[in-house]
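All remarks here apply to the structure that follows.
Start at 1 and go down the list; that is how both ligands and their atoms are numbered. Computed over heavy atoms, backbone and side chain alike; hydrogens, waters and symmetry mates excluded.
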Amino acid sequence: MALTIEDASIRHLDRLYEIEMECFKREAFTKQQIAQLLTSPNSISLIARENDEIVGFIIGMLTMKDKMLVGHVLTIDVSLSRRRKGVGIQLLHEIEKIFKGKQARICRLEVREDNIAALSLYQKLGYKKVAKLEYYYGDAHGILLEKFLA
Ligand SMILES: CC(C)(COP(=O)(O)OP(=O)(O)OC[C@H]1O[C@@H](n2cnc3c(N)ncnc32)[C@H](O)[C@@H]1OP(=O)(O)O)[C@@H](O)C(=O)NCCC(=O)NCCS
């Protein structure tokens, strides 16, 4: 089935929130937070669409850190029934391309230290662990990863 990556917009909010809840449950962004991200001029949000169905999304933001433009991935979500089919890889590749096009030199993200699926995906794409984030998720530590956008 053909997968396309497209810009997300506020009209996708209901479906994106549904996927977010499926992915994160208690730790999910609220619907209002997702709405804010989708409408913020600083954020970059993409959906993965398979035929007529949205099967995943990614939201990131450009930030200035130490006088350097950094692309920061805030969330990446793939619907349970569509996992392990390369959707996550395609979403990350696309947002990295956009960050790079906007002159970001680095892409950063945080992940729970027990999130094996996400850690494996990031490491496969060349992300390196740069710091442990103590109790970043309240009950669990996080890991900060980054990748140079060569
Ligand atoms: C993490 C997530 C986005 C991956 O999406 P996906 O579309 O299933 O990932 P892909 O199919 O692109 O996987 C690419 C590679 O990542 C690794 N990977 C993905 N899921 C994995 C898993 N469950 N276990 C081990 N490795 C995994 C593998 O190396 C995989 O390549 P392979 O299938 O050829 O072995 C998805 O599991 C998800 O939405 N999880 C819940 C939300 C979440 O945790 N987001 C990250 C927050 S930081």
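Glu20 has its side chain out of reach of Lys31: every pair of non-hydrogen atoms, C-beta onward, lies at least 4.5 Å apart.
One option in Ile89, Val111, Leu91 has a heavy atom closer to atom 12 (O) of ligand 1 than any other, and that option is Ile89. Taking only non-hydrogen atoms, the option from Ile58, Val78, Leu3, Ile19 nearest to atom 3 (C) of ligand 1 is Val78.
Taking distance alone, with nitrogen or oxygen atoms compared against 3.5 Å, Gly86 approaches ligand 1 more closely than that limit. Close N/O approach between Lys124 and ligand 1 is found [any backbone or side-chain N/O within under 3.5 Å]. Between Ala118 and ligand 1, not a single N/O pair is under 3.5 Å apart.
Looking at Thr4 and Glu6, their side chains do bring a donor and an acceptor atom within 3.5 Å of each other.
Residue His72 is tested with Lys65, Glu110, Arg108 for a side chain to side chain donor-acceptor pair (under 3.5 Å); the sole match is Glu110.
Residue contacts with ligand 1, taken as heavy atom pairs separated by less than 4.0 Å, do not involve Arg112 at all. When heavy-atom distances to ligand 1 are checked against a 4.0 Å cut-off, Arg84 comes that close through both its backbone and its side chain. When heavy-atom distances to ligand 1 are checked against a 4.0 Å cut-off, Tyr122 comes that close only through its side chain, counted from C-beta outward.
The closest approach between a heavy atom of Glu110 and any atom of ligand 1 is below 4.0 Å.
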